[in-house]
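Comments concern the structure below.
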Protein chains: 2
Amino acid sequence: MMMAEPNGDISRIENVPLRVSVADIIRQAILNGTMKPGTPVVEMALAEQLQVSRAPVREAIQILEADGLIESEPYKGKRVKPLTLKEVEELYSLREQFEAFAIRRIVERQVDVSELRRHSDAMFEAAERGDFAALNTADEAFHRALIRLADHDLMLGFWDNLYLRIRQIMALRNSANRDLRAVARNHPPIIEAIESRDMIRAISLISDHTRSASQIAPEELGIAP
Amino acid sequence: MMMAEPNGDISRIENVPLRVSVADIIRQAILNGTMKPGTPVVEMALAEQLQVSRAPVREAIQILEADGLIESEPYKGKRVKPLTLKEVEELYSLREQFEAFAIRRIVERQVDVSELRRHSDAMFEAAERGDFAALNTADEAFHRALIRLADHDLMLGFWDNLYLRIRQIMALRNSANRDLRAVARNHPPIIEAIESRDMIRAISLISDHTRSASQIAPEELGIAP
DNA sequence: GATCGTCTGATTGTCGACAATCTGATGATC
DNA sequence: GATCATCAGATTGTCGACAATCAGACGATC
């Protein structure tokens with residue numbers, strides 16, 4: 001007997017395995033720069049620090065390996081994956097491809113992109129307040145929404161993975177002395193180009209935007225080859 | 001005292017952890033259709049079958065989860081990820097983007113693509129012999145080389161991941177009754193367009209090629225939504 | 001006969017112990 | 001003083017046992 005839900009939308013509680021909590025903690029440490037590229041990641045040390053056994057730590061590390069944040073050599077050890085200038089360029093160039101592809105799909109399918117305005121507005125607000133963290137959050141929300149609106153789960157998964165590492169890079173970069181308002185101002189023209197279905201212009205704007213974001217000095221990464 | 005290697009290129013032997021061997025075996029079973037989408041993946045059963053403990057099996061399954069071949073619900077169970085028509089379309093459409101991006105990079109940088117001819121020739125040879133498996137191998141080698149020549153490790157990683165699932169799809173599809181020679185004939189024009197630096201034409205050819213490869217009947221997947 | 005406990009079997013999650021592997025140091029041998 | 005064994009420490013890999021969780025079956029209760 002199929003019935004309507006008698007209760008409202010009580011949010012589904014979920015029981016999180018330890019490996020997930022552990023992975024979240026370590027991921028955070030990597031993304032906020034506490035664990036810099038090259039730092040050894042030792043199972044036993046983390047297990048003691050977090051008061052769990054090695055098993056969930058091992059699995060958490062495997063998750064982060066899949067994220068591309070940790071690399072491992074069998075029987076040798078694991079460490080936070082070093083960043084190279086080439087990898088940074090690859091991250092940003094591929095992100096540019098994803099966003100261009102997303103725009104093509106969005107324009108072709110005439111998807112409503114009004115959501116983007118919310119994020120853009122949030123960016124201006126954050127810029128006014130000089131709130132750098134909030135600006136970044138809104139910026140990421142904007143770009144992720146752009147990908148999500150393309151309705152392409154596979155690309156969204158790749159994008160999430162890719163953006164994880166971009167966040168890591170941004171954390172390592174001394175993020176001050178940037179013109180917050182200028183960053184915010186980049187976005188409305190993109191929305192307008194999409195809404196007027198000017199694909200060429202929208203993609204061109206996104207490309208410029210991404211390229212300017214990818215500027216980074218090698219010494220900010222620690223290693224260079 | 002840096003010295004030249006006294007020995008020739010003796011290939012480095014490597015000690016493979018069990019999880020890798022186990023992952024290879026299970027991956028193969030998924031890719032050749034022995035374990036179809038939806039099949040439950042149970043640790044203990046596999047451990048007994050392979051005569052190892054559960055630990056390496058667990059880790060192998062995590063590897064395949066990262067590959068996108070297995071999905072898991074905590075405390076419930078794991079199974080070979082079901083395929084949907086939408087996912088198939090996403091796989092092929094994203095592959096098309098990757099190949100177009102690769103071609104742009106290759107043409108811009110004037111990369112030598114003579115390697116592609118080797119793979120193309122192998123395809124014709126296989127087609128003559130009516131050797132379907134060899135044709136597929138050469139076809140994959142052709143397309144992977146195209147990506148590799150773009151010199152973009154990040155994209156290559158994504159492509160490998162993506163192509164894994166395309167292999168799975170191709171295995172499920174009743175692959176007979178196709179004109180092998182016609183498949184082979186698709187490729188030389190691509191090489192020629194790249195070598196004559198006609199980016200537009202090369203990308204257009206690749207797109208057509210990918211799109212025609214993506215045709216699949218829903219009932220060939222088992223599930224449809 | 002609907003609802004609620006309770007139980008049971010299946011599966012995954014976690015633990016502590018032990019084995020295998022790698023690295024570098026130390027010392028024996030020529 | 002090179003080269004080779006051997007050893008010790010650190011780290012990861014593997015194992016078997018136990019705990020937690022979930023789904024479904026089976027009744028008891030109203």
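- Judged as a ring pair (Phe, Tyr, Trp, His ring centres under 6.0 Å), and not counting sequence neighbours, the contacts of His152(B) are Phe101(B).
- Taking the side chain to side chain contact (heavy atoms under 4.5 Å, CB included) definition, one finds that Glu125(A) meets it with Arg129(A), sequence neighbours left out.
- Gln62(B) places its CD atom 13 Å from the P atom of dG13(D), with the value rounded to the nearest Å.
- By the side chain to side chain contact (heavy atoms under 4.5 Å, CB included) test, Arg118(B) pairs with Glu115(B), sequence neighbours left out.
- Here side-chain hydrogen bond (donor to acceptor under 3.5 Å, both in side chains) pairs that include residues 31-41 of chain B, with residues two or more places apart or in two chains, are Asn32(B)-Thr34(B).
- Comparing Pro56(B) and Asn15(A) by the nucleotide of DNA chain D that holds the closest heavy atom to each, the one mapping nearer the 5' end is Pro56(B).
- As a whole-Å value, the separation of Glu59(B) CD from dT14(D) P is 7 Å.
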| B/S/- contact track for nucleotides 6-12 of chain D, protein heavy atom under 4.0 Å | ------B
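- Residues satisfying the side chain to side chain contact (heavy atoms under 4.5 Å, CB included) test with Ser21(A), not counting sequence neighbours, are Val16(A).
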